[in-house]
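In listed order, ligands and their atoms are each counted from 1.
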Amino acid sequence: MEKFNAAVIGAGGMGKVHVDAALASEHIDHLFVVDPDPERLKLWKGDPRLSGATFEEILADESVKFVTVSSPNHLHLEQTERAMRAGKAVLCEKPMGNTLDEAKKIIALEKETGNFLQIGFELHYSKLYQIAKEWIDAGLIGDVVNIQTRYFCSESHGKNTWRSNSPEPGFLIGEKLSHYLDLQRFFFDADFESVYAVAAPKIVPFCNHEDNHQIMTKFPGGKVGVLNFVMCIGETWHDTETREMLEKQSDDGHALEYHICGTKGAIETDVFRRRIRRWEFTDSPSTLESRIVETRTFSKEEDQTYFHNVYGQDLAVIDLFAKGKKSEMNSADAYGTMKLCFAAELSELDGKVIESSDPRL
Ligand SMILES: NC(=O)c1ccc[n+]([C@@H]2O[C@H](COP(=O)([O-])OP(=O)(O)OC[C@H]3O[C@@H](n4cnc5c(N)ncnc54)[C@H](O)[C@@H]3O)[C@@H](O)[C@H]2O)c1
């Protein structure tokens, strides 16, 4: 198969993973990196397969077939639009844009150009959640009726960054929690009907937006998804620690767990304990018996593959494009999650339940 050139736009924290994955792809010959910060490129100094370029040079270069957009969110629409209009396939980081209108423009663009476009919801490629989905699809826990998600972390966005400076009250719902609301859609295999969300007074003084969100979502058939997100409680990580990070975070206030309850059993995913478990419910003469019937763990070397598989997502997405296959998360699908995120923000602002038919969505 013929190799092609690719580009990564924005080589910050996430862009670094996109660059490493693109360099590891068997389909990619040369990789260009676009970033206004010259320091970023130094990371790969000496790699002959990588060089810096301007965005305009990428657009004009016909050998560049695949572009990953990994810049701050307010640039996603413009960069994705220009790349797709120049005939490139695009992998765009979530969220597609800063507003639902921007996201709608990307959906229209995908239809109009017919180009390959995938939105970066890499948890679909993460083993922990793939196993949960396989167990659900195999009917092992019956009909999924209730999904509880608990996410407690430390403040890690820093002072005076594009994240902490963002003034939209619900910024973190789209930026950080979209992954976890998206997985509720993935596990229920449905779009939401209505949502009610509240945020307590914030703790992080320099955040221009809320730093906690409690989001309760109704899915078809009376099914319910709950997401509890609190920042700050997890102990701050310092690089000088000798203790292994996840092992420490498993008991320092961090939590990232799903409890997926079905009519015949349940599943628990637990990032900080590196574990996925399954329960089976049986009707006994005196009670509804619940038994843990399966437990799988993973090693620290498998962390990325199990719960944050951007690298694996990128290899799979580049492979899909190279083989002329369809995107596995197009803009219309990603919009379902974005709509839920914005509905939750509206609910917090209005203090009311928001229906998915709300004309503002
Ligand atoms: N999928 C995930 O799990 C995940 C995780 C983190 C971040 N993200 C997303 O990835 C994107 C980048 O986040 P990050 O954490 O890497 O941010 P970051 O601030 O670490 O990096 C952003 C980079 O973009 C560069 N940049 C700024 N303006 C640019 C321009 N005009 N053209 C090209 N590059 C430009 C900056 O110099 C910086 O290097 C965001 O959209 C974020 O939501 C996704």
Side-chain angles (χ1 to χ4, degrees), residues 6-22 31-44 50-59 64 67-83 88 90-99 102-103 106 118-126 128-129 151 153 155-166 168 170-183 186 209 229 256 271 303-317 328-329 331 334 337-338 341:
V8 172
I9 319 297
M14 194 39 55
K16 183 184 178 313
V17 186
H18 291 305
V19 169
D20 288 341
L31 184 70
F32 296 98
V33 173
V34 178
D35 198 300
D37 181 351
E39 289 300 306
R40 302 293 192 192
L41 271 177
K42 289 186 184 161
L43 276 173
W44 299 276
L50 182 142
S51 50
T54 65
F55 191 50
E56 281 64 32
E57 285 167 343
I58 297 303
L59 297 179
V64 176
V67 168
T68 302
V69 175
S70 183
S71 50
N73 302 351
H74 68 278
L75 298 168
H76 290 185
L77 169 63
E78 184 203 328
Q79 291 175 338
T80 299
E81 176 163 18
R82 292 182 71 195
K88 322 289 184 197
V90 172
L91 167 61
C92 176
E93 266 300 350
K94 49 48 57 185
M96 286 186 277
N98 266 344
T99 63
E102 287 189 5
I106 291 196
Q118 175 126 355
I119 310 300
F121 279 105
E122 83 280 353
L123 296 188
H124 288 237
Y125 296 84
S126 299
L128 195 56
Y129 305 118
Y151 185 11
C153 61
E155 197 295 302
S156 59
H157 289 166
K159 292 186 179 177
N160 202 22
T161 63
W162 62 269
R163 284 189 172 90
S164 54
N165 287 344
S166 178
E168 292 82 27
F171 172 76
L172 281 185
I173 305 177
E175 167 56 20
K176 200 170 178 73
L177 305 182
S178 52
H179 285 298
Y180 304 100
L181 292 172
D182 180 64
L183 280 188
F186 184 51
H209 45 74
F229 170 70
L256 182 40
V271 162
D303 281 352
Q304 293 299 320
T305 338
Y306 265 78
F307 66 83
H308 198 232
N309 199 10
V310 175
Y311 190 89
Q313 163 196 262
D314 287 17
L315 290 177
V317 172
E328 289 177 333
M329 170 60 83
S331 53
T337 296
M338 216 169 146
C341 295

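Judged by distance alone, the side chain of Ser164 and the main-chain N or O of Gly158 form a donor-acceptor pair under 3.5 Å. Checking side-chain atoms of His308 against main-chain N and O of Asp303 turns up no donor-acceptor pair under 3.5 Å.
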For ligand 1, what N or O to protein N or O distances fall under 3.5 Å?
unit_1   : atom_1 : unit_2 : atom_2 : d
ligand 1 : 1 (N)  : Glu93  : OE1    : 3.1
ligand 1 : 1 (N)  : Glu122 : OE1    : 2.8
ligand 1 : 1 (N)  : His179 : NE2    : 3.4
ligand 1 : 3 (O)  : Glu122 : OE1    : 3.4
ligand 1 : 3 (O)  : Glu122 : OE2    : 2.8
ligand 1 : 3 (O)  : His179 : NE2    : 3.1
ligand 1 : 3 (O)  : His308 : NE2    : 3.1
ligand 1 : 15 (O) : Arg163 : NH1    : 3.2
ligand 1 : 15 (O) : Arg163 : NH2    : 2.9
ligand 1 : 16 (O) : Gly13  : N      : 3.2
ligand 1 : 16 (O) : Met14  : N      : 2.8
ligand 1 : 19 (O) : Trp162 : NE1    : 2.8
ligand 1 : 20 (O) : Gly13  : N      : 3.0
ligand 1 : 32 (N) : Gln79  : NE2    : 3.2
ligand 1 : 37 (O) : Asp35  : OD1    : 2.7
ligand 1 : 39 (O) : Gly12  : N      : 3.4
ligand 1 : 39 (O) : Asp35  : OD1    : 3.4
ligand 1 : 39 (O) : Asp35  : OD2    : 2.6
ligand 1 : 39 (O) : Arg40  : NE     : 2.7
ligand 1 : 39 (O) : Arg40  : NH2    : 3.2
ligand 1 : 41 (O) : Ser71  : O      : 3.3
ligand 1 : 41 (O) : Asn73  : OD1    : 2.5
ligand 1 : 41 (O) : His76  : NE2    : 2.9
ligand 1 : 43 (O) : Asn73  : OD1    : 3.2
ligand 1 : 43 (O) : Lys94  : O      : 3.2
ligand 1 : 43 (O) : Lys94  : NZ     : 3.1
ligand 1 : 43 (O) : Glu175 : OE1    : 2.8
ligand 1 : 43 (O) : Glu175 : OE2    : 3.2

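Rounding to the nearest 0.5 Å gives a distance of 6.0 Å between NZ of Lys94 and CG of Asn73. Here Ile119 contributes atom CD1 and Thr80 contributes atom OG1; the two are 6.5 Å apart, rounded to the nearest 0.5 Å.
Taking the six-membered ring where tryptophan is involved, the planes of Phe171 and Trp162 are perpendicular, since the angle between them exceeds 60° and thus also 30°.
Annotation for Phe186 and Tyr129: closest pair CE2-O, 4.2 Å, computed over non-hydrogen atoms.
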